[in-house]
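Reminder, nothing fancy here: chain letters follow the sequence lines and each chain counts from 1.
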Protein chains: 2
Amino acid sequence: MYGVRVSSSKRPRLQRHDVVEAAVALADEVGIDALSMRTLAQRLDVVPMALYKHVANKDELLDAMVDHVVGEIEPAGPDENWRHGIRSRILSSRAALLRHPWAPGLIETRTQASPVVLDHMEAIAASFRAGGFSVDLTHRAMHAIGSRMWGFTQEVFPTQQPAQDETARDQQFGEWMKRYPRIVEMATEIGGGGGCDAHEEFEFALDLILDGLERIHRESARADG
Amino acid sequence: MYGVRVSSSKRPRLQRHDVVEAAVALADEVGIDALSMRTLAQRLDVVPMALYKHVANKDELLDAMVDHVVGEIEPAGPDENWRHGIRSRILSSRAALLRHPWAPGLIETRTQASPVVLDHMEAIAASFRAGGFSVDLTHRAMHAIGSRMWGFTQEVFPTQQPAQDETARDQQFGEWMKRYPRIVEMATEIGGGGGCDAHEEFEFALDLILDGLERIHRESARADG
DNA sequence: ACCTGAACACCGTTCAAGT
DNA sequence: ACCTGAACACCGTTCAAGT
């Protein structure tokens with residue numbers, strides 16, 4: 001009571017896993033920009049330098065965070081159909097990454113691929129190959145899927161924050177109508193809300209690419225046979 | 001002589017444009033991470049605070065840098081064919097962005113779209129609409145293209161740096177062969193070099209998407225007629 | 001041998017004191 | 001009115017001094 005903390009000697013020794021887990025949780029709460037070695041240490045009730053026992057530097061911590069998130073992907077069981085297998089793996093990847101909005105940005109900036117990341121890519125490539133894709137077409141297919149293999153796409157539509165007072169807002173809208181009519185009609189298209197179902201858009205684009213790949217694969221198979 | 005500088009009063013007054021241009025050049029040279037308000041000020045032979053006369057803060061500077069790069073895109077003339085028009089605009093966008101490797105990452109992280117950015121998107125959307133695409137299909141098409149509308153794709157293949165000594169490298173390669181056979185065969189596929197033609201891959205994926213859109217568009221037009 | 005506080009070399013930005 | 005140096009509140013990380 002009186003807010004007196006339990007003796008710190010009672011606290012179990014910090015493990016690398018605890019550090020990474022806390023970092024992921026903190027990033028979820030406050031965003032990746034607010035995650036510093038110092039704020040993380042504070043959260044763990046530890047001196048900043050103590051973290052360096054478990055990670056060589058911040059970059060290694062970020063790598064470990066990516067691994068942690070990618071590790072949450074539930075691998076779908078093997079599927080006879082290459083397309084179903086890849087599709088469900090990607091959607092499961094999407095589900096995992098959606099829980100950690102900062103993860104896509106981190107995956108993109110990592111320079112060294114970790115084993116966990118490579119496992120995911122290997123699994124997708126193996127599905128294509130098992131489906132009869134040539135090495136070359138598999139390679140192209142991986143590029144075509146790109147970051148969508150992680151279940152995210154770069155959001156291209158800006159989140160414009162509306163002006164404060166009503167007249168300024170009307171005026172701004174009028175200007176947009178004149179200069180960006182095609183963007184405005186898209187933004188206002190759906191139920192007037194302007195928001196769009198990101199998941200539906202994701203599946204549409206994914207299927208568009210898989211359709212294309214399937215077609216090319218079929219044609220090249222016919223040409224060979 | 002003797003390294004004595006010309007009186008600083010001779011230096012023409014700094015303009016916003018100079019600041020942005022110098023920032024772009026500096027980022028090209030030393031990378032975006034090494035670009036700080038302080039290093040930029042030093043490059044311009046000016047006290048850091050002088051920059052704040054021309055940009056409100058660093059974020060606004062980054063916005064301006066994006067605008068500068070996007071402004072380098074040569075808009076292709078209007079094209080009868082929606083597909084040719086969009087394709088050439090995207091390839092011209094790619095050419096501009098390739099000169100500034102840091103630009104994609106910056107475009108992705110900007111939260112507010114600038115007029116220059118919106119102009120680019122508007123032009124592409126307008127091409128779809130002029131080609132007879134419905135508002136809804138245009139919307140989906142924009143999402144499907146995603147960041148490819150700027151001419152870049154997230155690089156998904158890791159740049160693994162090989163081990164130092166030869167035996168360690170052989171051993172590492174052996175492990176990879178066992179664990180990531182599909183990735184290894186893709187990496188070694190082309191001429192043994194392992195490098196792939198990024199531009200060819202880009203065009204392949206772009207055409208894959210445009211093919212798909214063209215097909216859907218044709219089918220929906222037939223259904224309507 | 002282990003731990004850690006102070007210190008270093010940076011950031012972006014504020015602000016008051018100078019001209 | 002304009003400019004700017006010092007200062008503030010942060011960073012990631014080093015390192016030597018403490019136990």
Side-chain angles (χ1 to χ4, degrees), chain A residues 5-27 29-68 102 105-106 109-112, chain B residues 5-27 29-68 102 105-106 109-112:
Chain A
R5 234 193 278 113
V6 183
S7 158
S8 68
S9 69
K10 285 286 182 60
R11 162 158 53 74
R13 273 262 294 287
L14 206 61
Q15 298 297 123
R16 185 178 217 264
H17 181 262
D18 304 324
V19 173
V20 176
E21 204 167 49
V24 167
L26 193 54
E29 285 174 45
V30 302
I32 195 74
D33 285 341
L35 174 80
S36 71
M37 296 301 273
R38 286 163 135 103
T39 58
L40 178 58
Q42 198 172 14
R43 163 68 64 107
L44 286 165
D45 197 21
V46 129
V47 82
M49 279 317 295
L51 301 176
Y52 287 83
K53 279 255 122 176
H54 305 98
V55 289
N57 47 43
K58 191 177 184 183
D59 225 53
E60 197 186 291
L61 173 67
L62 297 178
D63 282 340
M65 289 170 70
V66 167
D67 271 16
H68 186 99
W102 44 267
L106 224 51
T109 52
R110 297 298 89 195
T111 48
Q112 290 277 328
Chain B
R5 234 192 278 110
V6 184
S7 158
S8 68
S9 67
K10 286 285 182 63
R11 164 157 50 75
R13 272 264 291 289
L14 207 61
Q15 298 297 124
R16 184 177 215 266
H17 180 263
D18 303 324
V19 173
V20 176
E21 203 167 47
V24 168
L26 193 54
E29 283 174 44
V30 301
I32 196 73
D33 285 341
L35 175 80
S36 72
M37 296 301 273
R38 286 164 135 103
T39 57
L40 178 58
Q42 198 171 14
R43 163 68 63 106
L44 285 165
D45 196 21
V46 132
V47 82
M49 280 315 296
L51 302 176
Y52 287 83
K53 280 256 123 179
H54 305 98
V55 289
N57 48 43
K58 191 179 184 181
D59 226 52
E60 198 186 290
L61 174 66
L62 297 178
D63 282 339
M65 288 168 71
V66 168
D67 272 16
H68 186 98
W102 44 268
L106 224 50
T109 53
R110 297 299 87 196
T111 49
Q112 290 278 328

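- Contact annotation: the side chain of A:V24 approaches that of A:W102 to within less than 4.5 Å [non-hydrogen atoms, C-beta and beyond].
- The two residues A:R16 and A:V55 come nearest to each other via the heavy atoms NH2-CG1, 4.0 Å.
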Exercise for review: Would you give a per-nucleotide map of nucleotides 13-19 of chain C, 5' to 3', where B means the base has a protein non-hydrogen atom under 4.0 Å away, S means only the sugar-phosphate does, and - means neither?
Suggested key: BBB----

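- Between the side chain of A:R43 and the main chain of A:R38, no donor-acceptor pair closer than 3.5 Å is present.
- Under the side-chain contact (heavy atoms from CB on, under 4.5 Å) criterion, A:Q42 pairs with no residue at all, not counting sequence neighbours.
- The separation between A:H54 atom NE2 and C:dC2 atom P is 13 Å, rounded to whole Å.
- A donor-acceptor pair under 3.5 Å is formed between the side chain of B:H54 and the backbone N or O of B:L14.
- Rounding to whole angstrom units, CG of residue A:L61 and C1' of D:dC11 are separated by 15 Å.
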Exercise for review: Convert the base pairs of DNA chain C into dot-bracket notation, remembering that pairs crossing earlier ones are written with [ ] and that bases paired across to another strand are shown as |; include only Watson-Crick or G-U pairs under 3.5 Å.
Suggested key: ||.|||||...|||||.||

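- When the P atom of D:dC11 is taken as reference, atom CG of A:D33 falls 12 Å away, rounded to whole Å.
- For A:I32 and D:dC11, the CD1 to P distance is 14 Å, given to the nearest whole Å.
- Of all heavy-atom pairs between B:L35 and B:K58, the closest is O-NZ, 3.0 Å.
- In this structure, B:Q42 places its CD atom 17 Å from C1' of D:dT4, rounding to the nearest Å.
- Nearest approach of B:A23 to B:L61, heavy atoms of both residues: CB-CD1, 4.0 Å.
- What separates CG of B:L14 from C1' of D:dT4 is a distance of 15 Å, to the nearest Å.
- Counting all heavy atoms, side chain and backbone alike, A:L26 lies closest to A:L40 at CD2-CA, 3.8 Å.
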